[in-house]
Amino acid sequence: MYAEVLVQYGSKSLDKTFTYKVPSNLIGKVNKGMKVSIPFGNQSINGFVLNIKDSCDLDNLKEIKSIINENFVLNDELMELGKFIKSKTLCSLITAYQTMIPSSLKVNKSKEDYTIYDTYVKLIDNEEKINNYINNHSRAHSQLEVIETLKGKTLLKKELNSSAIKKLIDEGIVLEEKIAKFRINPEKKKSKEVVLNEEQLTASNEIKSHLNEYITYLLYGVTGSGKTEVYMDVCDKVIESGKSVLMLVPEITLTHQMIQRFYDRFGDDVAIFHSSLSDGEKYDETMKIINNKVHVVVGTRSAVFSPVKNLGLVIIDEEHSQTYKQDTNPRYHALDIAKWRCEYNKCPLILGSATPSLESFARAKKGVYNLLELRHRNGDSKLPNVSIIDMRDEYRKGNSIISTELGFKIDECLKNNKQVMLFINRRGYSTVVNCTSCGYTYKCPHCDITLTYHKTTNKLQCHYCGYTIFKSDTCPECKEKAISTYGLGTEQVESFIKTQFPSARVVRMDIDTTSRKGSTDSIIKGIENHDYDIIIGTQMISKGLDFPDVTLVGVINADESLNIPDFRSGETTFSLISQVSGRAGRGSSHGSVILQTYNPECDTLIYVKNNDYIGNYNNEMKIRKILKYPPYYFITSVKVKSKNYDLLKNEVNKIATFIRNNIEDTSICLGPTTCPVFKINNVYRFQIIIKYKKDKLLEDTLRRLDEEYALNKDISLEIDVDPIRI
Ligand code: ADP
Ligand code: ZN
């Protein structure tokens, strides 16, 4: 018996399997998908068993040392899925597998058992011995008391008198028992009774009548239309049939409320995954899944790999969210993985959004996806009124942060004891720091980017590499005391608001205030409890959160993200601002939204104001068609990076020529051009873009390139199939 074992080999993880003999004591025990320890050179390392075979031509093979994990780290489905990821993202197989499993189980980890225990105690099963003890120890009051308490019961050891219990254990009167426990133990609450409305019922019934088919549904429903209630209704039916549900949510800020709703409804039938769980918590949650203790898994992007058996439904909430695409190797999109798994398991996939991605909506219109619509908010609550404020006028009046109208509305909100959300897409105090005398602008010495001023720390910081210096008042170039700051960030809005509305309780939510574990949750709880009146934040506050007391949303710099040179900026701005706007008026009071902009004629903002998703869709699609962008064409980007500029320039031209010569005639290869941020951390960056409808040669061409540069120390390649931005 022989086993082919995949190991992580070298830094670039080239795929390599090695064949080992299965020793007689492990025959029948070692299986595909298990993690084993093997001798390798003069050390021992771990690997995944890819295959078991009866014969092998090679001689003198070494033997597998031991099985590291009895549980299958990779089941049959995930073994297959790894191959798909490899071909879709051009990564190595070991990289695909390593991405799929939680850190505590990764191939190089040897500490496997993260289980924690509670110690219980009970009396021995020998009444005579117990009675003898009682008779001989009539003055040991505390021991006798413990014996009395334990009669007929098993109790937690730590709840009893510790010295008495120790004596009883030593005397052999009491037995100890360790029972594994989970770190996270959700409880079901009686959730509020919801009767689906007609639109919701139609959507839910449609999905429920096709639970054994692979169909992708696009649940397109305005914010607050009750998509989540539809998800949960379908979940009920799937669970009832004994199958499991996988539900993805975009990011951690959102998971809090969503997870709570799922806990309330499904209790300890839910396992969760997100990046702020500890290794132990992730291990526990994985074990709940592997041991079939749960039927619902809720989590962020990587939860799409969770080893759910008998998958009956996958839901991707806020499907347009860019967080579903991983931006490091392997550059997979959770949507592609979900589709693969639903097809494999013959079950439906629900994509939910108020602002579907252009690609998804186009597919729904073509009939590739099945479109389900929720056009109305539930009950009385209406979509908020949106108005656009021309900041050029305001600026002349001396208002550069908050317009007169927004200020007035904030006042009104505070008087009515409602909450306000202010959205600004930049963190820090100001985004440009320069000298008004000589024009010098502070830039990062390592990156092609200006430094952001953080007032709390009085430092200038690079948001790409973290480079920081103290702020000074004197220009390093001309030595004049003329340093000035421009460009709004969250910190500045916060300090302005605090001086303008001194009695309001203000909280800021951005990377800087939420980096500590638990801080996001505590801010969200504070908002829910109405401990804050004004919430200022970056896109963190834009999605999914549901706070009934928020009746006013202000977008401080509505056109900011439109200025980013990317083919998706119109789409993302529309969805971002619609999402933020959707935070207003979710309770019984009507909400309003104010968009402040220096560019009030902008199409995208007018579509937002009119809540016209279709208008924006049609407009963007026209542009995409002319410019040959997705969904009309697929794109792949190849970034070529090096610290050595001259070498890079030379090499990137060779690479572009190689690509041009090895793709189909119908494909288009653009570049090389410099990346939008030309230098990050002293590394220069160029990119080549390939646009294609179908290209049978491309995968092989890119793989050859990737392999050729894998061991090159000076040049590195970053290949991104279907990039989110370029
Ligand atoms: P979405 O996910 O589309 O943003 P939610 O499912 O969060 O919308 O619904 C918004 C609010 O309306 C939630 O508080 C939800 O409980 C409530 N809701 C949704 N549908 C109903 C219904 N049919 N009856 C009563 N309340 C509902
Ligand atoms: Zn930098």
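Whatever order the structure lists ligands and atoms in, that order sets their numbers, starting from 1. Every value quoted in this text rests on a predicted model; they were computed, and no experiment measured them.
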| query | Where does Leu196 meet ligand 1, judged by heavy-atom distances below 4.0 Å: at the side chain, the backbone, both, or neither? | reply | backbone
| request: Answer with side chain, backbone, both or neither: which part of Arg377 has a heavy atom less than 4.0 angstrom from an atom of ligand 1? | output: neither
| field | Within-shell test, Arg261 vs ligand 1, heavy atom, strictly < 4.0 Å | value | yes
| Looking at ligand 1, does Gly221 have a heavy atom less than 4.0 Å from it? | no
| Leu488/Ile556 under side chain to side chain contact (heavy atoms under 4.5 Å, CB included): CA gap, chis, key distance, verdict | CA-CA 9 Å; Leu488 282 180; Ile556 305 294; 3.6 Å; yes
| Protein-derived N, O or S atoms lying under 2.8 Å from the Zn ion (ligand 2), waters excluded |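 Number of qualifying protein atoms: 4.
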| field | Mutual orientation of the aromatic rings belonging to Phe266 and Phe262 [parallel < 30°, tilted 30-60°, perpendicular > 60°] | value |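 The arrangement is tilted - the two ring planes meet at 30° to 60°.
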| field | Step-by-step salt bridge (Lys or Arg N to Asp or Glu O under 4.0 Å) determination, Arg685 to Asp448 | value | CA-CA 10 Å; Arg685 299 141 44 91; Asp448 173 32; over 6 Å; no
| task | Verify salt bridge (Lys or Arg N to Asp or Glu O under 4.0 Å) between Asp510 and Arg427, making sure each step is shown before the conclusion. | result | CA-CA 7 Å; Asp510 57 23; Arg427 66 192 172 97; over 6 Å; no
| Hey, looking at atom 20 (N) of ligand 1, which of Gln579, Glu318, Gln200, Met258 has the closest heavy atom? |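 Minimum heavy-atom distance to atom 20 (N) of ligand 1 goes to Gln200.
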| task | For residues Tyr613 and Phe361, establish whether the separation of their ring centroids is below 6.0 Å. | result | yes
| query | Do any N/O atoms on Val195 end up under 3.5 angstrom from N/O atoms on ligand 1? | reply | yes
| query | For the side chain of Thr323 and the backbone of Pro250, is there at least one donor-acceptor N/O pair under 3.5 Å apart? | reply | yes
| request: Sequence neighbours left out, what passes ring-ring contact (aromatic ring centres under 6.0 Å, His included) with His295? Give chain and number order. | output: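 Partners of His295 by the ring-ring contact (aromatic ring centres under 6.0 Å, His included) criterion come out as none, since no residue qualifies.
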| task | Dump the intermediate steps for side chain to side chain contact (heavy atoms under 4.5 Å, CB included) on Leu460 and Thr468, then the final yes or no. | result | CA-CA 5 Å; Leu460 307 183; Thr468 35; over 6 Å; no
| field | Over-ring placement of Lys471 relative to Tyr453, 6.0 Å and 45° cut-offs | value |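 The answer is yes, since Lys471 meets both limits relative to Tyr453.
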| Which of the numbered atoms in ligand 1 are below 4.0 angstrom from a heavy atom of Asn197? |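 Those atoms are 23 (N).
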